[in-house]
There are 2 protein chains.
Amino acid sequence: MCEQTLKDLVDRYTAVSFSVTTLAGSLVKEEIGSEITSDQYYTLKTIYQTGSCTSTHLAEVFAVKKSAITAIINRMWDKGLIKRTRDENDRRIVYLTLTEQGEEIYFMLERRIYKLVESFISKFDEAEISQFLKTYEKLNEVLIEIKENKVEKQS
Amino acid sequence: MCEQTLKDLVDRYTAVSFSVTTLAGSLVKEEIGSEITSDQYYTLKTIYQTGSCTSTHLAEVFAVKKSAITAIINRMWDKGLIKRTRDENDRRIVYLTLTEQGEEIYFMLERRIYKLVESFISKFDEAEISQFLKTYEKLNEVLIEIKENKVEKQS
DNA sequence: GTTTAATAGTTAAATAGTTGAACTATTCAT
DNA sequence: ATGAATAGTTCAACTATTTAACTATTAAAC
């Protein structure tokens, strides 16, 4: 790939990704509702997807300090969304899981997000969006690789 | 498009977009540096891109209340990144522009983001990423349309 | 032309998210 | 047994956001 083409592609990617991020962020804020904040939704989703999730794991995934996780988990625990369970073998570890109420709110938000995504996915034809998703999923793999290399370097 | 295919596409989009957003967010946090917060970068970028930007415009773009904009602009003004200029004809309006120092930091962050994006765009071949960007840009247009319809409804 | 509406932005209190540094409790290594 | 490493918490300081009340200015009605 020549210099000029690469520069053009990078410029287009940064421009469109900034715009989509801003627009999607603002739409989600307006459409998805205010039961919990978006950080709390991200936390619910990651705990739900991870079997036996810990504060350390959340801190690593979101690239924040563990004290920030303690704070957000405290607020969500106060609202009755999250359970804490100590590991019986290693009593330093605290496992995080969703309470019934936590799951209810999570599923409700997932349904609303589904509707929102459906409303614009349906404006594309299937072949187009399939090809798009294939590359998007490959981008995801590339990012996972970069992230894993960074984590290895740190340890 | 049949029900089943649409559901599959929406599910794939929500999954990959959540994962990429989380990963990219964490990489940007670790790579781009801590001169300013990401909200402040978004503010710098939007002011730079908009001729004669106002608080009202920023509040609309980011879907937050105007008082939140006042607060962030105050902090950035304290750091010498932003200038305020009153409109001579309509003295209610305050135009926001970047100071020289604000532009310097903005350009520096843009260069770092360019390097980061380049490092993963170059892992794709040109045809693949071109096709991807075409659909991504169309998605951007669709989102702009949705946003404009929402703004019209409100007024 | 004066009163009323609407618009642009600010202030202040309350809540949420984040960092950095010091801390407790527990496990691992030797 | 003792010292290092790991998992998580606490606290002070800061940033980001909302809600509601506020100032200043312009536009609209009458």
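As a basis for the values below, the full set of heavy atoms in this structure was taken, side chains included, without hydrogen atoms, waters or symmetry mates. Each chain gets a letter, A, B and so on, in the order its sequence line appears, and its residues count up from 1.
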Separation of [N] [atom2] from [X] [atom1] (nearest whole Å):
{"X": "A:R92", "N": "D:dG8", "atom1": "CZ", "atom2": "P", "value": "9 Å"}
{"X": "B:N89", "N": "D:dA27", "atom1": "CG", "atom2": "P", "value": "10 Å"}
{"X": "A:L96", "N": "D:dG8", "atom1": "CG", "atom2": "C1'", "value": "10 Å"}
{"X": "B:N74", "N": "D:dT15", "atom1": "CG", "atom2": "P", "value": "11 Å"}
{"X": "A:K65", "N": "D:dT15", "atom1": "NZ", "atom2": "P", "value": "18 Å"}
{"X": "A:F62", "N": "C:dT19", "atom1": "CZ", "atom2": "P", "value": "13 Å"}
{"X": "A:E35", "N": "C:dA16", "atom1": "CD", "atom2": "P", "value": "15 Å"}
{"X": "A:I93", "N": "D:dT6", "atom1": "CD1", "atom2": "C1'", "value": "9 Å"}

>> Taking pairing as Watson-Crick or G-U wobble with both contacts under 3.5 Å, can you name the mate of D:dT26, or confirm there isn't one?
In response: none
> Using purine N1 to pyrimidine N3 plus N6-O4 or O6-N4 for Watson-Crick, or N1-O2 and O6-N3 for G-U wobble, each under 3.5 Å, what pairs with C:dA5?
Replying inline: none
> Is there side-chain contact between B:S26 and A:V61, with at least one heavy-atom pair below 4.5 Å?
Replying inline: no
>> Could you tell me if the side chain of A:Y48 sits less than 4.5 Å from the side chain of A:E110, heavy atoms only?
In response: no
>> So, applying salt bridge (Lys or Arg N to Asp or Glu O under 4.0 Å) with A:R112, which one of A:E118, A:E35, A:E31 is it?
In response: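 Answer after filtering A:E118, A:E35, A:E31: A:E35.
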> What nucleic acid atoms does B:T70 come within less than 4.0 Å of, heavy atoms only: base, sugar-phosphate, or nothing?
Replying inline: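 Base contact - B:T70 has a heavy atom under 4.0 Å of at least one base atom.
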>> By the 4.0 Å heavy-atom rule, please label B:K66 as base, sugar-phosphate, or nothing.
In response: base
Nearest-neighbour nucleotide for the [X] side chain, [options] considered:
{"X": "B:R91", "options": "C:dA16, D:dT17, D:dT26", "answer": "D:dT26"}
{"X": "B:S67", "options": "D:dT9, D:dA20, C:dT18", "answer": "D:dA20"}
{"X": "A:V64", "options": "C:dG17, C:dT19, C:dT26", "answer": "C:dT19"}
{"X": "A:A68", "options": "D:dT26, D:dT17, C:dT18", "answer": "C:dT18"}
{"X": "A:Q40", "options": "C:dG17, D:dA7, C:dG20", "answer": "C:dG17"}

> Has A:K134 got more than 12 heavy atoms of other residues, nucleotides or ligands less than 6.0 Å from its NZ?
Replying inline: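 No, because the 6.0 Å sphere around NZ of A:K134 holds 12 heavy atoms or fewer from other groups.
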Answer yes or no: does a side-chain N or O of [X] lie under 4.0 Å from OP1 or OP2 of [N]?
{"X": "A:T56", "N": "D:dG8", "answer": "yes"}
{"X": "A:R84", "N": "D:dT9", "answer": "yes"}
{"X": "A:R75", "N": "C:dG17", "answer": "yes"}

> Between A:D39 and A:R86, which is nearer to the 5' end of DNA chain C once each is assigned its nearest nucleotide?
Replying inline: A:D39
> If you pin A:E88 and B:D90 to their nearest nucleotides in DNA chain C, which one's is more 5'?
Replying inline: B:D90
> Just checking, is any N or O donor in the side chain of A:Q40 or A:Y106 under 3.5 Å from an acceptor N or O on the other one?
Replying inline: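 No donor-acceptor contact under 3.5 Å links the two side chains.
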> Is B:L23 reachable from B:F18 through a run of I, L, V, M, F, W or Y residues, each pair having side-chain heavy atoms under 4.5 Å apart?
Replying inline: yes
>> Please classify the glycosidic conformation of C:dA22 as syn (within 90° of 0) or anti (everything else).
In response: anti
